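Working notes for the structure below.
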Amino acid sequence: MKTNKQNADFLHIGKKLTKWYDTNARQLPWRQNQLPYNIWISEIVLQQTQVKQGLGHYLRFIERFPTVKELHQASEDDVLLYWKGLGYYSRAINVHKAAHQIVEDFGGEFPNHYNDILKLKGVGKYTAAAIASICFDEKIPAVDGNFYRVLSRIFADDFDISSSKAFQHFSDLALLVMPDEKPGEFNQAIMDIGAEICRPKNPLCMFCPVNEDCMAFQTGRVSEFPVKTIKVKVSDLSLKYFFVKYQNQFLIKQRGNDFIWKKLYEFPTSIPENWNEYIINSKIVNHKLTHKNLSIEINLINIDSKKEFEKFASDNDFLIVNETQADEKSFPKPLQDFYESVCLS
DNA sequence: AAGTCGGGGAT
DNA sequence: ATCCCAGACTT
């Protein structure tokens, strides 16, 4: 940290942001109260997810699992079902595990200090800081992508946000700005400013409450920040599935806890040699993930022998389900789309 | 310290 | 097409 920054007083910036939040905060369901459980779920849902995308999942999740108790009692499959289509499925696995931690390690009471909150599965430094500041008034900056962007612009700071040291760097910077009072409101102010005003592209600097204090804006260099050197690499991946039907039933199996689509259900990836002649339809579905371009071949196959169908399922550990039963499982987006299109036709 | 994990939206 | 999003976990 540069000495001139340490000696200067930037607290007035934080106070302006907190004051702005008082009258400009977005009205969001988890902000109606400050229940740790609701704030926690909202934070997990919104990891790498925009409010617009996560809001519906949040509401359905809270309705199905209103408190830690219901989440603790639920099966992992049920939690995954309510995460279907949201992505980053380890979040669902971990949020379920964390509910068990809260019951077994914290007596069913949500931990009320940063260091304890940090022990929960799926809760890292950002999320622990967000919960601790919003629910328990702890003065810890919740440093995320919004912080990187807002602070890098306010200080015209070219520190590489793709560096593993960025978190520490911007945490130090945040403490120069963060007031002692209302830490939760300050953190949420950065979230809202980052989402609505200090946007990645086309920021609305004319509406920013701290544009007078923003070094990037004052020097006309807002578009130069934040600095990010590492680009995303995208690779190609081909997958092959067989949608094996016998009357109104078909076969599924749960994926492993590694690779993509953790613990979601999928169709068989191979069939017996002599079944090839029963394939009645084959289509290619292209599906884009953040780091992969998927090409998925899905073969539709009708089996008329109940005995063969059940033997294959039994020998290879597949689950036999009908449409209603499948609706209670979580499938990857492209497989869900295919399965729905087959059942509709 | 680097790699990996989804899906949707904006540009 | 490319980038970003209320990041965390594994190696």
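These figures come from a predicted structure and were not determined experimentally.
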Give [X] one of three labels, base, sugar-phosphate or nothing, depending on what nucleic acid heavy atoms sit under 4.0 Å from its own.
X        : value
A:Gly54  : nothing
A:Leu86  : base
A:Arg199 : nothing

Practice problem: Report the residue (A:Lys288 or A:Ile230) whose heavy-atom-nearest nucleotide on DNA chain B is the more 5′ of the two. | Solution: A:Ile230

Practice problem: Between A:Lys233 and A:Tyr89, name the one whose nearest nucleotide on DNA chain B is closer to the 5' end. | Solution: A:Lys233

What is the distance from [atom1] of [X] to [atom2] of [N], rounded to the nearest Å?
X        : N     : atom1 : atom2 : value
A:Lys263 : B:dC5 : NZ    : P     : 17 Å
A:Ile93  : B:dG6 : CD1   : C1'   : 14 Å
A:His287 : B:dG6 : NE2   : P     : 10 Å
A:Asp258 : B:dG6 : CG    : C1'   : 16 Å
A:Phe259 : B:dT4 : CZ    : P     : 10 Å
A:Lys231 : C:dC4 : NZ    : C1'   : 12 Å
A:Phe147 : C:dC4 : CZ    : P     : 19 Å
A:Asn286 : C:dA1 : CG    : C1'   : 15 Å

Please tell me whether [X] and [Y] form a close aromatic pair, meaning their ring centres lie under 6.0 Å apart.
X        : Y        : answer
A:Phe312 : A:Phe318 : yes
A:Phe147 : A:Phe170 : no
A:Phe242 : A:Trp275 : no
A:Trp40  : A:Phe110 : yes

Exercise. Return no unless some side-chain N or O of A:Lys84 is found under 4.0 Å from OP1 or OP2 of B:dG6.
Key: no

Exercise. Answer with yes or no whether the side chains of A:Glu297 and A:Asn299 bring together a donor and an acceptor at under 3.5 Å.
Key: yes

Quiz prompt | Distance-only donor-acceptor test, A:Gln53 side-chain atoms vs B:dG9 base atoms, 3.5 Å | solution = no

Provide the distance between the two [atom1] atoms, one in [N] and one in [M], to the nearest whole Å.
N     : M      : atom1 : value
B:dG7 : C:dT10 : C1'   : 22 Å
C:dC3 : B:dG6  : C1'   : 15 Å
C:dC5 : B:dC5  : C1'   : 14 Å
B:dG8 : C:dC9  : P     : 24 Å

Quiz item: Does atom NZ of A:Lys306 have more than 12 heavy-atom neighbours, drawn from other residues, nucleotides or ligands, at distances under 6.0 Å?
Solution: no

Exercise. Just compare B:dT11, C:dC4, B:dG7 and give me whichever is closest to any side-chain atom of A:Thr290.
Key: B:dG7

Quiz prompt | Listed nucleotide nearest any side-chain atom of A:Lys52, set B:dT11, B:dA10, B:dA1 | solution = B:dA10

Self-check item: ring-ring contact (aromatic ring centres under 6.0 Å, His included), paired with A:Tyr58, selected from A:Trp83, A:Phe65, A:Trp30
Solution: A:Trp30

Quiz prompt | Per-nucleotide protein contact string for nucleotides 6-11 of chain C, where B marks a base within reach and S marks sugar-phosphate only (heavy atoms under 4.0 Å, - for neither) | solution = BBSS--

Quiz item: Listed by chain and number, what are the salt bridge (charged side-chain N to carboxylate O under 4.0 Å, His left out) partners of A:Asp158, not counting sequence neighbours?
Solution: none

